[in-house]
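This report concerns only the one structure given below.
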Amino acid sequence: MGEYTNAIGSVNQHLWIGGVPKGVTMTVTDIQLHKPSGGGQWWPTFSGDGELKSVSLYPNTKEEDRKHMFPAVVGPAADPVKLGIVGLTTQSITDSGEGPRVEISFKLEGTATVDGKGTTAVNHTGFITVSSSNWPYLGRPDFCNITYQLVDTAPLNLPNQIPTLVTPDGAILVFGIDPSVGKLGMNASVDSDAIKSIIELALKGIFLVHEKAIGWVFGKVL
């Protein structure tokens, strides 16, 4: 999903969302930027895209400005749509060890109609957290970690390799709903072909297990 150059002290993780069926709205309810407790000149950011293009967050963003950004509606998104870019950055290239993280809170709400599986109300919340492995001295971490979970489920993590001076692959998070059993699922991958296959079946209420995806976390639709 594109390749962009990054400097030594910067990693930009692009996020995409897919598999949200017609009738269901995904809303980003909050985004929190966290610096590690050990000090340093860390600078986590979030730059929204598409429906979230009005959301731009930095450590010095005023609370009054934040209030006008959320909730931010992504909308139904059967095919993948760009959520935004998480920036894990330091203003000092000598910072090392644990780096910053960005936590995205979201809600899925509406009435889902899935071919062959019926209709169900949906009202569930979850989280997406982007962090990284430890930062070396004068370098970049080896992996971005895209951790995802639904409320009351154990999280799963997508480790995304960080190439030299280039952005890591875009991460795509996918939802699936099976109205016949009241099940909601969430999966993740950086492989667009795998995501295409997963979404195709997810929109029919089928949770495909794919070797190039991390795996499903499951919760109830309500």
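Throughout, numbering of the chain's residues begins at 1 and tracks the sequence. Atom set for the values below is all heavy atoms of this structure, side chains included, hydrogens, waters and symmetry mates excluded.
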Worksheet item: What's the verdict on side chain to side chain donor-acceptor pair (under 3.5 Å) for Thr27 and Thr29, showing C-alpha distance, side-chain angles and the deciding distance?
Response: CA-CA 6 Å; Thr27 302; Thr29 55; over 6 Å; no
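- Asp79 places no side-chain N or O within 3.5 Å of a backbone atom of Gly18 that could act as its donor or acceptor partner.
- A pairwise comparison of heavy atoms in Glu98 and Pro36 identifies O-CG, 3.3 Å as the closest pair.
- A salt bridge between Lys62 and Glu64 is absent, with no side-chain N of the basic residue lying under 4.0 Å from a carboxylate O of the acidic one.
- In this structure, the separation between CZ on Phe46 and CG on Leu33 is 9.5 Å, given to the nearest 0.5 Å.
- Between Asp178 and Lys117 there is a salt bridge, since at least one side-chain N of the basic residue sits less than 4.0 Å from a carboxylate O of the acidic one.
- Considering NZ of Lys196 and OG of Ser189, their distance stands at 14.5 Å, rounded to 0.5 Å.
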Discussion item. Please determine whether side-chain contact (heavy atoms from CB on, under 4.5 Å) holds for the pair Leu88 and Val86, giving the CA-CA distance in whole Å, both sets of side-chain angles, and the decisive distance to 0.1 Å.
Written reply: CA-CA 7 Å; Leu88 304 177; Val86 171; 3.9 Å; yes
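- With contacts defined as side-chain heavy-atom distances shorter than 4.5 Å, the pair Leu173/Met186 qualifies.
- Residues Met26 and Lys107 have side chains not in contact (no heavy-atom distance under 4.5 Å, counting atoms from C-beta outward).
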Worksheet item: Does the pair Phe106 and Tyr148 meet the rule for a side-chain contact (heavy atoms from CB on, under 4.5 Å), with working shown?
Response: CA-CA 11 Å; Phe106 66 86; Tyr148 57 100; over 6 Å; no
Worksheet entry | Step-by-step side-chain contact (heavy atoms from CB on, under 4.5 Å) determination, Val28 to Leu83 | CA-CA 10 Å; Val28 174; Leu83 187 65; 4.1 Å; yes
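- A donor-acceptor pair is defined here as one N or O able to donate and one able to accept, closer than 3.5 Å; such a pair exists between the side chain of Asp95 and the backbone of Gln41.
- Here the shortest heavy-atom pairing between Ala213 and Asn187 reads CB-OD1, 3.7 Å.
- Counting heavy atoms from C-beta on, the side chains of Ile195 and Val174 come closer than 4.5 Å.
- Using a 4.5 Å heavy-atom cutoff, the side chains of Leu15 and Ile85 are not in contact.
- At a threshold of 4.5 Å between side-chain heavy atoms, the hydrophobic network of Ile, Leu, Val, Met, Phe, Trp and Tyr places Leu201 and Ile172 in one connected group.
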Worksheet item: How far apart are the C-alpha atoms of Thr45 and Trp43, what are their side-chain angles, what is the distance that settles it, and do they pass the side-chain contact (heavy atoms from CB on, under 4.5 Å) test?
Response: CA-CA 6 Å; Thr45 64; Trp43 195 257; 3.6 Å; yes
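- In this structure the side chain of Pro59 reaches within 4.5 angstrom of the side chain of Lys35, judged on heavy atoms.
- Closest approach of Ala72 and Leu52 over heavy atoms only: CB-CD2, 3.1 Å.
- In this structure, Ser56 and Asp65 have side chains that are not in contact, with every pair of non-hydrogen atoms separated by 4.5 Å or more.
- In this structure, Trp216 contributes its side chain and Leu208 its backbone to a donor-acceptor pair below 3.5 Å.
- By the criterion of side-chain heavy atoms lying less than 4.5 angstrom apart, applied directly or through intervening Ile, Leu, Val, Met, Phe, Trp or Tyr residues, Leu184 is grouped together with Val217 in one hydrophobic cluster.
- With hydrophobic clusters built from ILVMFWY side chains whose heavy atoms lie under 4.5 angstrom apart, Ile104 shares a cluster with Phe70.
- In terms of heavy-atom proximity, Thr89 sits nearest to Ser10 at OG1-OG, 3.5 Å.
- Atom OG of Ser54 and atom CE of Met69 lie 7.5 Å apart (nearest 0.5 Å).
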Worksheet entry | Criterion ring-ring contact (aromatic ring centres under 6.0 Å, His included) on Phe207 and Phe218, from CA distance to verdict | CA-CA 10 Å; Phe207 300 103; Phe218 291 112; 4.9 Å; yes
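- With Gln13 contributing its side chain and Ser131 its backbone, the two residues share no donor-acceptor pair below 3.5 Å.
- Side-chain atoms of Val221 and Lys183, non-hydrogen and from C-beta on, never get closer than 4.5 Å to each other.
- Heavy atoms only, all atoms of each residue included: Lys212 and Ala194 are closest at CB-CB, 4.0 Å.
- Going from atom CZ of Phe175 over to atom CD1 of Ile198 covers 13.0 Å, rounded to the nearest 0.5 Å.
- Side chain of Arg101 to backbone of Asn145: no donor-acceptor contact under 3.5 angstrom is found.
- The 12-atom threshold is not exceeded at NZ of Lys204, counting heavy atoms of other residues, nucleotides or ligands nearer than 6.0 Å.
- Checking side-chain atoms of His124 against main-chain N and O of Leu150 turns up no donor-acceptor pair under 3.5 Å.
- Taken to the nearest 0.5 Å, the CD1 atom of Ile146 stands 7.0 Å off from the CG atom of Asn157.
- Val190 and Val209 are not part of a single hydrophobic cluster, where members link through side-chain heavy atoms under 4.5 Å apart.
- Atoms OG1 and CZ, from Thr125 and Phe127 in turn, are 5.5 Å apart once rounded to the nearest 0.5 Å.
- Across all their heavy atoms, Ala171 and Leu158 have their closest contact at CB-CD2, 4.0 Å.
- One hydrophobic cluster holds both Leu156 and Val102 under the rule that ILVMFWY side chains link at heavy-atom gaps under 4.5 Å.
- A side-chain donor-acceptor contact under 3.5 Å links Ser133 to the backbone of Asp142.
- Considering only heavy atoms from C-beta on, Leu108 stays 4.5 Å or farther from Val74 through its side chain.
- Salt bridge absent: Glu51 and Lys53 never bring a charged side-chain N and a carboxylate O closer than 4.0 Å.
- For the pair Asp30 and Arg66, the salt-bridge criterion is met [side-chain N within less than 4.0 Å of a carboxylate O].
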